[in-house]
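Below is one structure, written out as structure tokens; the observations come after it.
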Amino acid sequence: MKVQEVMTRDPLCVTPGDSIRDAAKLMKHHGIGIVPVVNEKGSNRLVGVVTDRDIAIRVVAEGLDVDARVGDVMSTDDIATCAADDEVEEVMETMASEQVRRIPIVDERGALLGILAQADILRKGGDHVRAERTVQRISEPGGKHL
């Protein structure tokens with residue numbers, strides 16, 4: 001099965017200049033834990049992501065103001081991405097090795113096309129046994145995102 005068959009298309013985005021408060025409001029209102037960061041409004045070139053964990057650890061725990069900019073706390077280094085025509089099984093392996101629950105889907109120019117979450121795979125992917133093993137590997141202690 002191809003990623004494009006199960007991914008969430010056209011995800012909500014923020015820019016590095018948007019406030020953390022705005023990103024958190026999007027997460028709350030839409031029940032999501034990640035918001036892709038694009039270089040500017042109307043653009044879809046992925047420059048990073050901001051997660052609920054980024055907000056908890058880099059804003060709340062550090063005592064930053066919620067009006068701080070997304071660019072100050074977003075993850076930018078070594079963000080795992082995949083392509084829409086990748087096989088879901090390959091992406092599950094990437095999720096497990098990177099220990100991430102969600103991966104931005106980009107085209108060959110780095111333009112954001114969607115997000116693939118472990119929930120998308122469980123809901124639409126069909127391979128529950130493999131998805132369960134992937135979730136176990138994602139949840140193992142350690143990993144580069146500590």
Would you sort out whether Asp54 and Ser75 count as a side chain to side chain donor-acceptor pair (under 3.5 Å), showing the intermediate values? CA-CA 8 Å; Asp54 291 330; Ser75 297; 3.2 Å; yes
Applying salt bridge (Lys or Arg N to Asp or Glu O under 4.0 Å), run through Asp18 and Lys41 and close with a yes or a no. CA-CA 10 Å; Asp18 287 334; Lys41 296 283 185 209; 3.0 Å; yes
Heavy-atom pair of closest approach, residues Pro16 and Met74: CG-CE, 4.3 Å
If we only count heavy atoms from C-beta on, is the Glu90 to Val88 side-chain gap below 4.5 Å? no
Mind checking whether Thr94 and Ile103 have side chains closer than 4.5 Å, heavy atoms only? yes
I'd like to know if the side chain of Arg69 and the backbone of Thr15 have a donor-acceptor N/O pair within less than 3.5 Å. no
Please check if Ile115 and Ile55 belong to a single hydrophobic cluster, counting links between Ile, Leu, Val, Met, Phe, Trp and Tyr side chain heavy atoms closer than 4.5 Å. no
Using a 4.5 Å cut-off on heavy atoms from C-beta on, say whether the side chain of Val14 contacts that of Val50. yes
Heavy-atom side-chain proximity of Val70 to Ile20 below 4.5 angstrom: yes
Separation between CG of Leu46 and SG of Cys13, rounded to the nearest 0.5 Å: 8.0 Å
Please enumerate all residues that pass salt bridge (Lys or Arg N to Asp or Glu O under 4.0 Å) together with Asp72, with sequence neighbours excluded. none
Quick one: which residue pairs count as a side-chain hydrogen bond (donor to acceptor under 3.5 Å, both in side chains) with a foot in residues 22-38, not counting sequence neighbours? Ser19-Asp22
Chi angles and distances behind the side chain to side chain contact (heavy atoms under 4.5 Å, CB included) call for Gln118, Met95: CA-CA 8 Å; Gln118 68 184 25; Met95 291 170 114; 4.3 Å; yes
Indicate yes or no: does Asp86 engage Lys2 in a salt bridge with an N to O separation below 4.0 Å. no
Grouping I, L, V, M, F, W and Y whenever their side-chain heavy atoms are under 4.5 Å apart, do Met27 and Val49 come out in a common cluster? no
What distance separates Asp65 CG from Arg21 CZ, expressed to the nearest 0.5 Å? 7.0 Å
Decide whether Val37 and Ile32 are clustered together by the hydrophobic rule: side chain heavy atoms of Ile, Leu, Val, Met, Phe, Trp, Tyr closer than 4.5 Å, transitively. yes
Honestly curious: do Leu26 and Leu112 fall in one hydrophobic cluster under the side-chain, below-4.5 Å linking rule? no
Residues Val35 and Ala23: closest non-hydrogen pair is CG2-O, 4.3 Å
Would you compute the distance between atom OG1 of Thr81 and atom CD1 of Ile105 and round it to the nearest 0.5 angstrom? 8.0 Å
In Å and rounded to the nearest 0.5 Å, what is the CZ to CD1 distance from Arg101 to Ile34? 12.0 Å
Please examine the side chains of Arg45 and Arg109, heavy atoms only from C-beta on, and report whether any two atoms are closer than 4.5 Å. no
Mind checking the CG-OG1 spacing from Leu116 to Thr8? Nearest 0.5 Å is all I need. 7.5 Å
For Leu113 and Met7 the tightest heavy-atom approach is O-CE, 4.0 Å
Heavy-atom closest pair, residues Ser43 and Val38: O-CG2, 3.5 Å
Hey, does the side chain of Glu87 reach the backbone of Met1 with a donor-acceptor pair shorter than 3.5 angstrom? yes
Ignoring hydrogens, what is the shortest heavy-atom contact between Pro104 and Ile79? Give both atom names and the distance. CG-CG2, 4.2 Å
Might you point out which heavy atoms bring Ala80 and Glu98 nearest each other, and give the distance in Å? CB-CG, 3.7 Å
